[in-house]
Peer 1: 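Just passing along the structure, written as structure tokens.
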Amino acid sequence: KSFVRHYPGLKRLASSLAFVFDIDGVLVRGKRALPAAKRALAILDGNNRFGIKIPYILLTNGGGVSEVTRCNELSEQLGVQIKPEQYIQAHTVVRSIVHKYADTPVLVLGGRGDTLRHVAEGYGFRQVYNTLDVLAWNPSVWPFHDLTMEERTSAKAADFSKIPIGAIFVFHDPRNWALDIQVMCDVLRSGGVIGAPPYMSECSRRPVDLVFCNPDLVWKSEFDRPRLGQGAFKEAFQAVFKALTGTTYPYVQLGKPTEQTYRFSETVLGRYAGGNSSLQIYMVGDNPESDIAGANAAGWKSILVNTGVYDPRQGPPKHKPTHEAENVEKAVLWALEQVL
Ligand code: G3P
Ligand code: MG
């Protein structure tokens with residue numbers, strides 16, 4: 001049966017509707033694309049019997065590599081072309097604030113080796129360090145990790161006793177929580193210089209900014225149960241910092257569900273979908289606390305799927321979606337029916 005016969009207003013639809021897809025738990029589980037995802041994107045990509053494209057972008061709290069690298073990986077996994085201009089990951093939004101730190105020494109945490117150093121430099125940071133650089137400078141900073149040959153090769157030579165770190169950005173999930181929490185405490189308690197004595201009082205503290213890019217306490221990867229995310233790392237850091245100093249450290253939170261990330265996404269979507277101000281946006285997500293909360297607050301329609309973090313057997317979601325669907329294909333078909 002022709003899709004157009006069932007959806008005669010499809011051309012009008014294509015100019016008034018757009019989708020925002022979460023990735024982990026909606027389109028993929030770890031390295032594996034969900035079958036429903038390929039069918040859903042085919043419906044929107046126009047590579048099918050009715051041949052009409054409906055714009056969509058991907059919005060993830062994931063990251064750890066450049067946007068181009070992740071888009072190439074996703075295009076391979078999903079069997080459709082995902083372009084960088086339709087892709088937003090946890091730290092992409094940092095591009096909108098990098099001007100404040102272009103000439104400031106910053107610490108960028110997360111990801112493997114020095115991959116995120118190059119990503120941060122691509123955003124415009126000019127003095128980017130990571131915790132492996134610190135360990136290469138002085139192994140006694142954290143005596144329980146011996147740098148691998150690969151880590152030693154990728155480390156940037158620096159004397160951190162002379163570098164006042166001005167900001168710490170947690171781009172993606174740290175791989176060595178202990179090393180990263182140790183270095184964060186050294187930097188934040190001393191006002192930026194590792195090895196300097198902790199500042200004596202709040203007023204003498206030199207303000208070192210702390211920015212987290214993904215608040216997810218948990219996320220859905222390949223394993224049956226949700227895994228700890230960057231939000232869990234933040235809780236661990238704050239618990240240690242409070243045990244040391246009696247207080248937690250003030251920070252900026254980016255990523256879903258924050259308003260800054262959703263406003264940034266609307267700009268990206270507007271550019272990608274042709275800037276139609278009356279665009280009806282449908283977000284499809286698996287995490288009520290990030291995807292649904294953020295979409296609802298942004299005034300978008302939200303569809304919660306059962307293929308990720310949210311498990312309907314655990315009771316109703318903390319943030320009520322516009323609609324619940326079994327998977328992303330059913331979510332897309334439901335949304336199309338609402339607009340016609
Ligand atoms: O690290 C990624 C995870 O926190 C969530 O990813 O795609 O479900 O927003 P996503
Ligand atoms: Mg998800």
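Because only heavy atoms are used, hydrogens play no part in the values below, and waters and symmetry mates are left out as well, while side chains stay in. Ligands are counted one by one from 1 in listed order, and the atoms in each one are counted from 1 as well. Numbers for residues simply follow the sequence, beginning at 1.
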Peer 1: If you define the side chain from C-beta out and look only at heavy atoms, does anything of R126 sit under 4.5 Å from T104?
Peer 2: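 No, every pair of side-chain atoms sits at 4.5 Å or beyond.
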Peer 1: Ring centres of F169 and Y101 under 6.0 Å apart?
Peer 2: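 Close enough - the centres of the two rings lie under 6.0 Å apart.
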Peer 1: Check whether any side-chain heavy atom of E150 sits under 4.5 Å from a side-chain heavy atom of T153, and report yes or no.
Peer 2: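 The answer is no; the side chains never approach within 4.5 Å.
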Peer 1: Ignoring hydrogens and geometry beyond distance, is a side-chain donor-acceptor pair present between N72 and E76 at under 3.5 Å?
Peer 2: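 No - no donor-acceptor pair under 3.5 Å links their side chains.
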Peer 1: Show, in sequence, the C-alpha distance, side-chain angles and deciding distance for D291 and M283, and conclude whether the side-chain contact (heavy atoms from CB on, under 4.5 Å) test is met.
Peer 2: CA-CA 7 Å; D291 307 313; M283 168 135 208; 3.8 Å; yes
Peer 1: Show the distances, to 0.1 Å, for all pairs joining an N/O atom of ligand 1 and a protein N/O atom that are shorter than 3.5 Å, listing one pair per line.
Peer 2:
residue  : atom  : partner : partner atom : Å
ligand 1 : 4 (O) : N214    : ND2          : 3.0
ligand 1 : 4 (O) : D216    : OD2          : 3.0
ligand 1 : 6 (O) : D24     : OD2          : 3.0
ligand 1 : 7 (O) : D22     : OD1          : 2.9
ligand 1 : 7 (O) : I23     : N            : 3.4
ligand 1 : 7 (O) : D24     : N            : 2.8
ligand 1 : 7 (O) : D24     : OD2          : 3.3
ligand 1 : 7 (O) : T60     : OG1          : 2.6
ligand 1 : 8 (O) : D22     : OD1          : 2.9
ligand 1 : 8 (O) : D22     : OD2          : 3.2
ligand 1 : 8 (O) : D24     : O            : 3.0
ligand 1 : 9 (O) : D22     : OD1          : 2.8
ligand 1 : 9 (O) : N61     : N            : 2.8
ligand 1 : 9 (O) : K256    : NZ           : 2.8

Peer 1: Quick one: side chain to side chain contact (heavy atoms under 4.5 Å, CB included) partners of P35, sequence neighbours excluded?
Peer 2: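 Once residues adjacent in sequence are excluded, the partners of P35 under the side chain to side chain contact (heavy atoms under 4.5 Å, CB included) criterion are R39.
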Peer 1: Taking the Mg ion (ligand 2) as the center, what protein N, O or S atoms are found at less than 2.8 Å?
Peer 2: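 Less than 2.8 Å away from the Mg ion (ligand 2) sit D22 OD2, D24 O, D286 OD1.
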Peer 1: Can you give me the closest heavy-atom contact between Q89 and V65, atom names plus distance?
Peer 2: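 Closest pair (atom of Q89, atom of V65, distance): NE2-O, 2.8 Å.
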Peer 1: Which residues pass the salt bridge (charged side-chain N to carboxylate O under 4.0 Å, His left out) test with D146, sequence neighbours left out?
Peer 2: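 By the salt bridge (charged side-chain N to carboxylate O under 4.0 Å, His left out) rule, D146 matches no residue at all.
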Peer 1: Is there a donor-acceptor contact under 3.5 Å linking the side chains of N61 and W219?
Peer 2: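 Their side chains do not contain a donor-acceptor pair, so the 3.5 Å distance test is not met.
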